[in-house]
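Data first, discussion second: the structure below is written as structure tokens.
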Amino acid sequence: MKEFNGQKVLVSGATRGIGKAISRRFLEEGALVIGVYAGNNEAAELFADENKQFSGSFELLQCDVSNEVQVVSLFEKISADYQYLDILVNN
């Protein structure tokens, strides 16, 4: 059994650098990763392509975490779609 099987994990900065590595590890361990990225669509597309074997295990959402309106909207969507998070990684 995978350590984070079925847990819902939000990772900010999920598509590049450390956030990408964190996201990948959670995906490998069976988590549903909700990856947040600020606006680099190319990095988001690359992330999605690299993780196709985890189909259905992640969702990428664009949000500038320095923008309060976008953050509120992000959490409203997460609440509506997933009800709650198990883990939050502020990267």
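As a basis for the values below, the full set of heavy atoms in this structure was taken, side chains included, without hydrogen atoms, waters or symmetry mates.
Glu28 meets the salt bridge (charged side-chain N to carboxylate O under 4.0 Å, His left out) test with Arg25; sequence neighbours excluded. Scored by the side-chain contact (heavy atoms from CB on, under 4.5 Å) test, Ala38 finds no partners at all (sequence neighbours excluded). In this structure, the salt bridge (charged side-chain N to carboxylate O under 4.0 Å, His left out) partners of Lys20, at least two apart in sequence or on a different chain, are Glu50. Residues satisfying the ring-ring contact (aromatic ring centres under 6.0 Å, His included) criterion with Phe26, sequence neighbours excluded, are Phe4. Qualifying side-chain contact (heavy atoms from CB on, under 4.5 Å) partners for Asn90, counting only residues two or more places apart in sequence or in other chains: Ser12, Leu88. The side-chain contact (heavy atoms from CB on, under 4.5 Å) test applied to Ala48 returns Phe58, Leu60, not counting sequence neighbours.
The closest side-chain heavy-atom distance from Gln7 to Leu32 is not below 4.5 Å. In this structure, Glu29 and Asn5 have side chains that are not in contact, with every pair of non-hydrogen atoms separated by 4.5 Å or more. Counting heavy atoms from C-beta outward, Leu85 and Val9 have side chains that stay 4.5 Å or more apart. Leu10 has its side chain within reach of Val36: a pair of non-hydrogen atoms, C-beta onward, lies under 4.5 Å apart.
Between Leu27 and Ala31, the shortest heavy-atom contact is CD2-O, 3.9 Å. Nearest heavy atom pair, residue Val71 against residue Asp64, reads CG2-O, 4.0 Å. Nearest heavy atoms, Asp86 versus Tyr84: OD1-CE1, 3.4 Å.
By the neighbour-count criterion of 12 heavy atoms within 6.0 Å, atom CD1 of Ile18 is sparsely surrounded, having that number or fewer from other residues, nucleotides or ligands. Atom CZ of Arg16 is surrounded by 12 or fewer heavy atoms from other residues, nucleotides or ligands within 6.0 Å. For Gln83, the CD atom counts as densely surrounded, since its 6.0 Å shell holds more than 12 non-hydrogen atoms of other residues, nucleotides or ligands.
No donor-acceptor pair under 3.5 Å is formed between the side chain of Ser79 and the backbone N or O of Phe75.
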